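Count residues from 1 along the sequence. For clarity, every value in this text was computed on a predicted model and none was experimentally measured.
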Amino acid sequence: MKLLYHGPLWQGSTSLQRAQAFQELSDIQVIANDDGHRVGKSANIIHRIRWKLRWPVDVNHENESLFVAVEQHRPDIIFVDSSKVIRRCTLRNIRALCEARLVYYTPDDIMARHHFSYPLRQTFPDWDVFFTTKTFNVPELKAAKVNNPILVGKSFDPMLHNPMLSIDVGEEFEAFDIVFIGAYEKDRCQSINRLAEAGLRIVLYGSGKGRWSGKSMHPSITLRPSVFAEEYRRCWHHGKVALCFLRKINRDRITQRTMEIAAMARPMLAEKTDEHDDHFVDGKEYIGFRDDDDLVTQARWLLQHDEERTKIGHAGRLRCLNSNYSSLDRARWMLRKILEK
């Protein structure tokens with residue numbers, strides 16, 4: 001059985017991790033088809049305007065690339081990960097060419113305006129299976145005439161997201177009280193500043209235009225550029241406590257980072273939600289906080305109790321392993337769902 005995987009396959013992307021998980025399955029052959037997207041790739045003014053209008057330009061010729069790959073390999077399954085530019089006519093041409101099952105996967109809040117695209121919306125009725133990681137997107141997708149929306153859980157990469165020892169991390173192993181890796185949001189900035197004002201030593205990874213900057217941050221916070229892949233893994237070990245925020249703009253209740261932090265056995269301090277509590281036991285496998293006052297209180301408790309902090313980290317990792325949260329487990333589960341159709 002052949003599976004053609006089309007998506008952003010740059011090193012460190014979660015799409016690459018999913019593609020590699022499918023490659024680990026013994027009963028399928030995976031053909032990777034990189035969509036050409038790269039982190040930080042610039043776009044001209046026309047492309048930016050088109051994106052704001054939700055009619056993105058196919059700058060990497062994804063439609064042509066996908067059709068050529070299908071024509072060459074004649075796969076049984078076509079798995080499109082995250083693309084916003086695949087057109088309905090492309091899918092219909094593929095239908096005329098072969099009888100492959102058409103599968104779409106999105107890790108994003110696909111119905112939110114900043115992730116929405118009209119080309120993708122026009123393809124909604126054409127997919128055989130439409131995977132989403134957002135619980136609230138399932139009824140929204142059904143209402144938007146998606147035939148078979150299916151909820152799939154967030155995951156971690158079992159080859160990448162593993163605990164590291166101090167000898168492997170180097171001199172900055174747990175050199176800070178708190179570590180956070182992620183994009184800027186105003187609420188996050190305020191919360192991190194509260195921790196700094198409380199006297200905690202913080203390192204933050206995630207620079208970029210219009211985002212984290214020294215002007216908005218408490219002067220004691222160490223601000224560093226974004227990190228990916230192996231360096232991402234290493235940097236989570238720079239703090240005694242790993243801070244896990246959710247993106248309000250994405251209506252998050254759980255995030256990929258949740259699984260990654262826990263799988264690395266990092267003691268996780270995360271926003272308390274029903275979905276976090278469905279996946280991890282608060283007080284045993286992670287520590288939840290409800291507001292900034294609670295955040296400071298819980299962070300101080302974790303930093304004052306070394307043994308309990310370590311146990312929480314290990315319990316979180318064990319939960320990931322025992323509950324099949326890995327990308328390999330998710331890939332195996334998704335393949336079963338695809339073949340059920």
Item checked: SB check Arg224 Glu231 (cutoff 4.0 Å) -> no

Next item on the list: Give a yes or no on whether Arg74 atom CZ has more than 12 heavy-atom contacts from other residues, nucleotides or ligands under 6.0 Å away.
Entry: yes

Next item on the list: Examine Tyr104 and Val85 and state if one hydrophobic cluster contains both, with Ile, Leu, Val, Met, Phe, Trp and Tyr joined whenever side-chain heavy atoms are less than 4.5 Å apart.
Entry: no

Next item on the list: For the pair Asp252 and Lys134, find out whether any cationic side-chain nitrogen is under 4.0 Å from an anionic carboxylate oxygen.
Entry: yes

Item checked: Carboxylate-amine/guanidinium contact Arg95 Asp128, below 4.0 Å -> yes

Notebook entry, point to check: Hey, are the side chains of Ile78 and His6 touching, using non-hydrogen atoms and a 4.5 Å cut-off?
Noted result: no

Item checked: Test side chain to side chain donor-acceptor pair (under 3.5 Å) applied to Asn193 and Gln190, step by step -> CA-CA 5 Å; Asn193 281 337; Gln190 292 174 345; over 6 Å; no

Note to self: Taking the basic N atoms (NZ, or NE/NH1/NH2) and the acidic carboxylate oxygens, is any pair closer than 4.0 Å for Arg234 and Asp168?
What the structure shows: no

Check: So, the side chain of Ser65 versus the backbone of His61: is there a donor-acceptor pair under 3.5 Å, distance only?
Finding: no

Note to self: With rounding to the nearest 0.5 angstrom, report the NZ to CZ distance, Lys240 to Arg266.
What the structure shows: 10.5 Å

Margin query: Here's a test for you: under side chain to side chain contact (heavy atoms under 4.5 Å, CB included), which of Leu102, Leu141, Asn148 qualifies with Phe130?
Written below: Leu141

Notebook entry, point to check: Hey, which of Leu97, Ile86, Leu91 is the one that makes side chain to side chain contact (heavy atoms under 4.5 Å, CB included) with Phe67?
Noted result: Leu97

Margin query: Surrounding CG of Leu53 (heavy atoms of other residues, nucleotides or ligands, distance under 6.0 Å), is the total greater than 12?
Written below: yes

Margin query: Test of understanding: with ring pair (Phe, Tyr, Trp, His ring centres under 6.0 Å), list the residues that count as partners of Phe289, not counting sequence neighbours.
Written below: none

Next item on the list: Evaluate the side-chain proximity of Cys189 to Met217: yes if any heavy-atom separation is below 4.5 Å, no if none is.
Entry: yes

Notebook entry, point to check: Just by distance, do the side chain of Arg201 and the backbone of Ala175 share a donor-acceptor pair under 3.5 Å?
Noted result: yes

Check: Does atom CZ of Phe116 have more than 12 heavy-atom neighbours from other groups under 6.0 Å away?
Finding: yes

Notebook entry, point to check: Between Leu160 and Trp10, is there a shared hydrophobic cluster once you connect ILVMFWY residues whose side-chain heavy atoms come closer than 4.5 Å?
Noted result: no

Item checked: Residues Lys311 and Glu307 bridged, charged N to O under 4.0 Å -> yes

Margin query: How close do Cys235 and Val227 get, counting heavy atoms only, and between which atoms?
Written below: SG-CG1, 4.0 Å

Item checked: Side-chain ion pair, Lys248 and Glu271, N-O less than 4.0 Å -> yes

Next item on the list: List the steps, then state whether side-chain contact (heavy atoms from CB on, under 4.5 Å) holds for Ile110 with Leu120.
Entry: CA-CA 10 Å; Ile110 201 64; Leu120 177 60; 3.5 Å; yes

Notebook entry, point to check: Do Arg101 and Val129 come close enough that some side-chain heavy atom pair is under 4.5 Å?
Noted result: no

Checklist line | Reported CD-to-CG distance for the pair Gln298 and Asp282, which is rounded to 0.5 angstrom | finding: 7.5 Å

Check: side-chain contact (heavy atoms from CB on, under 4.5 Å) between Glu275 and Leu246: does it pass, once the steps are laid out?
Finding: CA-CA 11 Å; Glu275 292 189 30; Leu246 302 174; over 6 Å; no

Next item on the list: Fit a plane to each ring of Trp212 and Phe180, take the angle between them on a 0 to 90° scale, and name the class: parallel (under 30°), tilted (30 to 60°) or perpendicular (over 60°).
Entry: perpendicular

Next item on the list: Report yes or no: does Asn63 contribute a side-chain atom to a donor-acceptor pair with the main-chain N or O of Arg87 at less than 3.5 Å?
Entry: yes

Check: Mind checking whether Trp55 and Tyr118 have parallel, tilted or perpendicular rings, split at 30° and 60°?
Finding: parallel

Notebook entry, point to check: At their closest point, which heavy atom of Lys142 faces which heavy atom of Pro149, and how far apart are they?
Noted result: CG-CG, 3.4 Å

Next item on the list: Decide side chain to side chain donor-acceptor pair (under 3.5 Å) for Asp329 and Ser326; before the verdict, give the C-alpha distance in whole Å, the side-chain angles of both, and the deciding distance to 0.1 Å.
Entry: CA-CA 5 Å; Asp329 293 314; Ser326 77; 2.8 Å; yes

Next item on the list: Can you spot which of Ile181, Ile287, Ile261 makes a side chain to side chain contact (heavy atoms under 4.5 Å, CB included) with Cys244?
Entry: Ile261

Next item on the list: May I ask you to test the Met159-Gln17 pair for a side-chain heavy-atom distance under 4.5 Å?
Entry: no

Notebook entry, point to check: Considering all heavy atoms of both residues, which atom of Gly206 and which atom of Ser226 are nearest to each other, and what is their separation?
Noted result: CA-OG, 3.4 Å

Check: Between Arg251 and Phe136, what is the shortest heavy-atom contact and its length?
Finding: O-CE2, 3.1 Å

Next item on the list: Give a yes or no on this: more than 12 heavy atoms of other residues, nucleotides or ligands lie within 6.0 Å of atom CD of Glu230.
Entry: yes

Checklist line | NZ or CZ of Arg54 within 45° of Trp51 ring axis and under 6.0 Å | finding: yes

Item checked: N-O pairing of Asp76 and Lys2 below 4.0 Å -> no

